[in-house]
2 protein chains.
Amino acid sequence: MVDPHHSELSESVLHGDQSLQKAGLKLTRPRRDILRVLEEAANTGQHLSADDILQQLEIADRQVGLTTIYRVLNQFEHVGLVDRHNFEGEHAVFELAHRSHHDHMVCVESGRIEEFCNSDIERLQSEIAEAAGYDLVGHRLVLFVRPQKGGTD
Amino acid sequence: MVDPHHSELSESVLHGDQSLQKAGLKLTRPRRDILRVLEEAANTGQHLSADDILQQLEIADRQVGLTTIYRVLNQFEHVGLVDRHNFEGEHAVFELAHRSHHDHMVCVESGRIEEFCNSDIERLQSEIAEAAGYDLVGHRLVLFVRPQKGGTD
DNA sequence: TTCTATGCAAATTATTTGCAGCACT
DNA sequence: AGTGCTGCAAATAATTTGCATAGAA
C-alpha cells in the first residue's frame, strides 16, 4: 500500500521504504521524516549527528523526539540503511548507506567531509593483514586535510 | 612476544620525567604511577582506557583518582607523551607516544591490537588529498582483521 | 611559602531504557 | 484489541569541572 502523502519524496526514500518494510519496520511519520533529512544530507554529502537531525526536523517543523531519532537511527543501521561514523570521537554521525564502499576525508578547517575510494589502498590493506597472518574483515580510514593554497578557509 | 626487561622500567620513566619537566609538569606520584602503567602496557603492546589504568593502579595498590587519571592523560597528550585513540567509539584508549608514526590492526576475535606502518599507503593518502585540492595533515587508519586459518572459536 | 596537583562530588554530554499513551491493522 | 511506535523522563557511561586541601619546588 502506498501512502499518497509521500508523493513529494524522492525515489531513494521509497527505496528506503522498501528496505524498512523488508526489515519489519513500519514507515511512520518520524521514520519518514528522518529518512528525508538523511536524504538531503546525502545529496550535499553531509554526515549528521542525532542532534543535527533533530535541528533539521525542528526547522522543518516536523517534531520528533531525540529518543526516537536515536532509536530509528539504530534501527536503520541494523537494517543496513545507514552507516555510523565516529569522526569526532564525541558523538556519532550518520549517512545513508552507500551502495559502494568509501572512506572519508575531513577538512580540519571547514569541517567539510569528502568521500573517496582508492583500490590501491584497499589492496595494500589486505596485503598488510595477510602478511600479519590475518584476513581483513573491514577497515576505517579517515584523512584529515586542509585546503592547499594558504587558504584563509 | 615477551620482552626481556619487565621489572625495571625506570629508564623510560625517567625519559618521561624529562618530558614532563620540560612541559612544566611536576613529577608527582600519580603522574609517575600512570606513566609506569603506560610503560608496561607499551611493552606488551596494549592500549589502555582511563578505567583500565585505574584498575591497574588499584591492583598495584597505588590509589589515584579517576579524575586525576583523565586529567593527567590529557596533559600527557598535549605534551605529546601519549596518543589517544578511539577504536571502540565509546571510550578512548591511550598508549605511550611512539617516536614513529603507525596505524593499527584490531583483531575482531581476540581484541588484540597490532601496529604497522606502510609507506605506500602513506604516500597514496597524500596523493589522494592533493588530488582533491588539500594537504594531508593527518590520518587515522584501523584495519579490522580476523585470524587467517579457519577460526575454530 | 607559593603555586601546582589531587580528588571528591557535582556537572556535562552523548545515548539508552522504562513506561504509559497513541497509532494502525 | 493487539502489537508496534513515540516521547518524556529517568538512567547510564564516559569525561570534565568546581573547589577545598595536600604536595612539590
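Computation of the quantities below employed the complete heavy-atom set of this structure, encompassing side-chain atoms and omitting hydrogens, waters and symmetry-equivalent molecules. Here the structure is a predicted model, which means the values were calculated and not measured. Numbers restart at 1 for each chain; the letters A, B, ... are given by sequence-line order, proteins then strands.
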Original post:
Whole-Å distance between D:dT16 C1' and A:Glu90 CD?
Top reply: 11 Å
Original post:
Considering all heavy atoms of both residues, which atom of B:Leu35 and which atom of B:Phe76 are nearest to each other, and what is their separation?
Top reply: CD1-CE2, 3.5 Å
Original post:
Salt bridge or not for A:Arg62 and A:Asp33, using N-O below 4.0 Å?
Top reply: yes
Original post:
Can you check the B:Asn86 CG to D:dA13 P distance for me, whole Å?
Top reply: 18 Å
Using a cutoff of under 3.5 Å, can you pull out all pairs of nitrogen or oxygen atoms linking the protein to nucleotides 22-25 of chain D, with atom names and distances?
none

Subject >> Residues from residues 44-62 of chain A lying under 4.0 Å of DNA chain D - heavy atoms >> reply: none
Subject >> From D:dT16, C:dT4, C:dT16, nucleotide with atom closest to A:Asn74 side chain >> reply: C:dT16
Original post:
Where is the tightest heavy-atom contact between A:Glu114 and B:Ala132, given as atom of each residue plus distance?
Top reply: OE1-CB, 4.4 Å
**OP:** Return no unless some side-chain N or O of A:Tyr70 is found under 4.0 Å from OP1 or OP2 of C:dT15.
**Re:** yes
Original post:
Between atom CD in A:Gln75 and atom P in C:dT15, what is the gap in whole Å?
Top reply: 16 Å
Subject >> Enclosure of A:Glu90 CD (heavy-atom neighbours >12, cutoff 6.0 Å) >> reply: no
Between the protein and nucleotides 8-10 of chain C, list every N/O to N/O distance that falls short of 3.5 Å.
residue: C:dA9; atom: N6; partner: B:Thr67; partner atom: OG1; Å: 3.2

**OP:** State whether a side-chain donor-acceptor pair under 3.5 Å links B:Gln55 with B:Asp51.
**Re:** yes
Original post:
Is any NZ, NE, NH1 or NH2 atom of the basic residue among A:Arg123 and A:Glu127 found under 4.0 Å from an Asp or Glu carboxylate oxygen of the other?
Top reply: yes
**OP:** Measure across A:Ala129 and A:Asp135 and return the closest heavy-atom pair with its distance rounded to 0.1 Å.
**Re:** CB-C, 4.4 Å
Original post:
Contact class for A:Gln63 (heavy atom, under 4.0 Å): base, sugar-phosphate, or nothing?
Top reply: sugar-phosphate
**OP:** Answer yes if the side chains of B:Arg140 and B:Asn86 hold a donor-acceptor pair under 3.5 Å, and no otherwise.
**Re:** no
Original post:
Would a 4.5 Å heavy-atom cut-off, applied to side chains only, mark A:Leu48 and A:Val93 as touching?
Top reply: no
Original post:
Hey, what's the ring geometry for B:His85 with B:Phe87, parallel, tilted or perpendicular (30° and 60° as the breaks)?
Top reply: parallel
**OP:** Treat each ILVMFWY residue as a node, draw an edge where side-chain heavy atoms are under 4.5 Å apart, and state whether A:Val82 and A:Tyr70 are in one component.
**Re:** yes
Original post:
Pick the nucleotide of DNA chain D nearest each of B:His91 and A:Val64; which residue has the one closer to the 5' end?
Top reply: A:Val64
Original post:
Rounded to the nearest Å, what distance is computed from the CG atom of residue A:Leu73 to the P atom of nucleotide C:dA14?
Top reply: 15 Å
**OP:** Send over the distance from B:Ile69 CD1 to D:dA14 P, rounded to a whole Å.
**Re:** 14 Å
